[in-house]
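This report refers to the structure that appears directly beneath it.
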Protein chains: 2
Amino acid sequence: MSPGIIDTVITRIKERGGRVTVQRLAIINVLMRLDHPTAEEIYQFMQADFPTLSFTTVYNTLKSLKELGVVHEYHQDERSRFEISEIPHHHFQCLRCDKLTDISPEKISVTPDPELESEFGPVEAKVILQGLCKDCREETGDKH
Amino acid sequence: MSPGIIDTVITRIKERGGRVTVQRLAIINVLMRLDHPTAEEIYQFMQADFPTLSFTTVYNTLKSLKELGVVHEYHQDERSRFEISEIPHHHFQCLRCDKLTDISPEKISVTPDPELESEFGPVEAKVILQGLCKDCREETGDKH
DNA sequence: CTAATTGCAAATTGTTTGCATATTC
DNA sequence: GAATATGCAAACAATTTGCAATTAG
């Protein structure tokens, strides 16, 4: 689908002395297809194609890829969720079903007061918009 | 220190049919004094004054207070951190030591593109500024 | 009085580790 | 061929639950 990402990932793994294994590539592929999956979701999804893949490897691989700078981990709710690290972006989080949706940076303007930079130094702003996603709004009829 | 908060909390607990117990009030007091503590930190801190307080009760109480809308739980890093729910605000998170610092809402202007509201409905924006806190900047000398 | 809360021990869940085997470079 | 990755079983850490005793309203 997006061959550029895979290439970038392979390059980065090699650069840092990591090995390009079937499992790693497969997990990257899943991350490109699933939306902020948990380790469990990744494992389940891969069972069809890789029945021998172990849960441990999913965890280990995600951890390695995280250290290689290839994936990013979120602790938003009780389980960790993962995505491919790319350009920084914001998120929408549904308060009812917890679903995360990416929002591109230019969609939200964030301007910290200059005094914050003097207190905290250079910062990167991550915004989480919280509300109800379309599905949950339809189910609840709640207009907030 | 801030009697208004305690009163508000008591009122809210009673409104929702909860019981105002010693343990609950004590935990509220700790939350007013500690900065985004974990359950463990709360427990440790309270051991001096309430040696019979159990770990379970800290967890159960935090959970109840959360359901009563009195405290808010964060999953930013691997442990949960808690704070008293009050007016919404933003956070600064240190990328090195994970420390959270509150930032008042007027210190950061956030303007989501109008099309986001049409997609997600009414939303509340929470900003996490990430960088290095003063202590960590001094220790690393890293200017980013 | 009685329904909610506490607190112990035990269970669960999410994640990590030790180590033998298999694989990439 | 040597170093890294995989995967099983077992260990771990954070949190939750069952249930009897206690307590607030």
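Here is how names work: the chains are called A, B, and so on, in the same order as the sequence lines, proteins then strands, and each is numbered from 1. This one's a predicted model, so the numbers in the text were calculated from it and none came from an experiment.
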Roughly how far apart are B:Ile103 CD1 and A:Asp113 CG, rounded to 0.5 Å?
->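 Result: 10.0 Å between the selected atoms.
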Within the structure shown, what part of the strands sits under 4.0 Å from [X] by heavy-atom distance: base, sugar-phosphate, or nothing?
X       : answer
A:Gly18 : sugar-phosphate
B:Thr21 : sugar-phosphate
A:Arg19 : base
A:Thr52 : sugar-phosphate

Between [X] and [N], is there a side-chain N or O to OP1/OP2 distance below 4.0 Å?
X       : N      : result
A:Ser80 : C:dT15 : yes
A:Lys63 : C:dT17 : yes
A:Tyr59 : C:dT16 : no
A:Gln23 : C:dT23 : no
B:Thr56 : C:dT6  : no

Of all the choices, C:dT17, C:dC25, D:dA5, which nucleotide is nearest to the side chain of A:Asn60 once you look at every atom?
->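 Among C:dT17, C:dC25, D:dA5, the one nearest the side chain of A:Asn60 is C:dT17.
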From the options C:dG7, D:dA5, C:dT5, select the nucleotide whose nearest atom is closest to the side chain of A:Arg24.
->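 Among C:dG7, D:dA5, C:dT5, the one nearest the side chain of A:Arg24 is D:dA5.
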For atom CZ of B:Arg79 and atom P of C:dT15, their distance in whole Å =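 Distance, rounded to whole Å: 13 Å.
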Send over the distance from A:Leu25 CG to D:dA5 P, rounded to a whole Å.
->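 After rounding, the reported distance stands at 13 Å.
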Once the angle between the rings of A:Phe55 and A:Tyr43 is folded into 0 to 90°, is it parallel (under 30°), tilted (30 to 60°) or perpendicular (over 60°)?
->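 Answer is parallel, since the angle falls under 30°.
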When the ring planes of B:Phe120 and A:Phe92 are compared, do they come out parallel, tilted or perpendicular, using 30° and 60° as the limits?
->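 Aromatic pair B:Phe120/A:Phe92 classed parallel.
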Does A:Arg81 pair with A:Glu41 as a salt bridge, N-O distance under 4.0 Å?
->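 Result for this pair is yes, salt bridge flagged.
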